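A, B, ... follow the sequence lines: proteins, then strands. Residue 1 opens every chain. Keep in mind that the numbers below use all heavy atoms, side chains included, and drop hydrogens, waters and symmetry copies. Predicted model only: the values in this text are computed from it and were never measured.
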Amino acid sequence: ETGVTQTPRHLVMGMTNKKSLKCEQHLGHNAMYWYKQSAKKPLELMFVYNFKEQTENNSVPSRFSPECPNSSHLFLHLHTLQPEDSALYLCASSQDAGGRGDTQYFGPGTRLTVL
Amino acid sequence: AQSVAQPEDQVNVAEGNPLTVKCTYSVSGNPYLFWYVQYPNRGLQFLLKYITGDNLVKGSYGFEAEFNKSQTSFHLKKPSALVSDSALYFCAVRGYNAGNNRKLIWGLGTSLAVNP
C-alpha cells in the first residue's frame, strides 16, 4: 500500500444527504489533493492543499467543500449532490505541490453513487 | 495548450512477450513525465518518472520508459509481460509554466490485457 488511506471505500447517498469523505496520509507529506475519476474522462483535479493552505480550487461546485485541518488529514464534505457526481474520488499526497518533480501518491479511492 | 495523448484505448499482448504502452505530450518548456498504473478497485500507483538525465527510466515491477524529445513521446515498456500486469495505465505530464507548475495533465488511460 502507498500510505494513503481513504474512508469509506464505497458510499451511496441520496441527493439531499450530507456526507464526508476522509483521507489520511502517513508519508510525512505537505500537500494533499482531491481528484474525481469518471469513465472515459481524464482525471479531474478538484482541490489542492499545500502546507495546509488551499492553493487550487478547480472551478468545483460549492456542493463539494474541502477541509484540511492538518497536513495529514483531508476531508471532502458533500451536500445536495447530483447523480452526475457519481464517480471514484481519489485522494493523493505529495511532498510539495510546488515542486515540478513532485510525485503524487494515491489512496484507493471512494466509489460514490448518488441516487 | 498542454496535453497528453495515449493513442490506444486498449493494448493486448501475450504473456512473455514485450509490451509497449504509448504516450505523447505537448508542453511548454522541458517536460516532467510520469506513469501510473491502476488495478481494479484501486487507486493509482506510481511506476516511474522522467525529470532529467538518462532518456531510459527504470521503475517499479520491471517497467521502464523511454523519453524521446524529438518525438515528444514517453512510451512505457516491459521486456516480458505478466498476466498480473493487466491493468489501466496512465501517463501524465507537468510542464514548465509558472501558473500551472503544480498541475499534472493526465492522459485518458490505456487498458492493458495480458493473455495467458
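Transitive grouping of hydrophobic side chains (ILVMFWY, heavy atoms separated by less than 4.5 Å) brings A:Leu74 and A:Leu76 into a common cluster. One hydrophobic cluster, built from ILVMFWY side chains closer than 4.5 Å, holds both A:Leu11 and A:Leu81. The hydrophobic cluster containing A:Val4 does not contain A:Leu112, counting ILVMFWY residues as joined when their side-chain heavy atoms lie under 4.5 angstrom apart, directly or transitively. Note: the hydrophobic cluster containing A:Val12 does not contain A:Phe64 (ILVMFWY, side chain heavy atoms under 4.5 Å, direct or indirect links). Hydrophobic clustering of Ile, Leu, Val, Met, Phe, Trp and Tyr side chains at less than 4.5 Å, counting indirect connections, keeps A:Phe75 apart from A:Trp34.
Using a 4.5 Å cut-off between heavy atoms, A:Gln37 contacts chain B through its side chain alone, with no backbone atom that close. Only the side chain of B:Phe90 comes within contact range of chain A, judged by heavy atoms closer than 4.5 Å. Only the side chain of A:Asn58 comes within contact range of chain B, with heavy atoms under 4.5 Å apart. For A:Arg111, no part lies under 4.5 angstrom from a heavy atom of chain B.
Residue pairs meeting the salt bridge (charged side-chain N to carboxylate O under 4.0 Å, His left out) criterion with at least one partner in residues 9-35 of chain B, sequence neighbours excluded, are absent.
Every residue meeting the ring-ring contact (aromatic ring centres under 6.0 Å, His included) condition with B:Phe63, not counting sequence neighbours, appears here in chain and number order: B:Tyr89. The side chain to side chain contact (heavy atoms under 4.5 Å, CB included) test applied to B:Asn12 returns B:Gln10, B:Ala113, B:Asn115, not counting sequence neighbours.
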Requested in this report: Might you work through the side chain to side chain contact (heavy atoms under 4.5 Å, CB included) test for B:Leu104 and A:Gln104, ending with a clear yes or no?
Outcome: CA-CA 9 Å; B:Leu104 283 173; A:Gln104 296 176 19; 3.8 Å; yes
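Judged purely by atom type and a 3.5 angstrom limit, A:Arg9 uses its side chain to pair as donor or acceptor with the backbone of B:Asn41.
In this structure, the ring of A:Phe106 has its center no less than 6.0 angstrom from the ring center of B:Phe46.
Across all non-hydrogen atoms, the minimal contact from B:Tyr36 to A:Thr103 is OH-CG2, 3.9 Å. Shown here for A:Leu43 and B:Trp106, the closest heavy-atom pair between the two residues is CD2-CE2, 3.6 Å.
Using a 4.5 Å heavy-atom cut-off against chain B, the contacting residues of residues 84-93 of chain A are A:Leu88, A:Leu90.
To the nearest 0.5 angstrom, A:Tyr35 atom OH is 9.0 Å from B:Leu44 atom CG.
A heavy-atom distance below 4.5 Å is not found between the side chains of B:Leu108 and A:Lys40.
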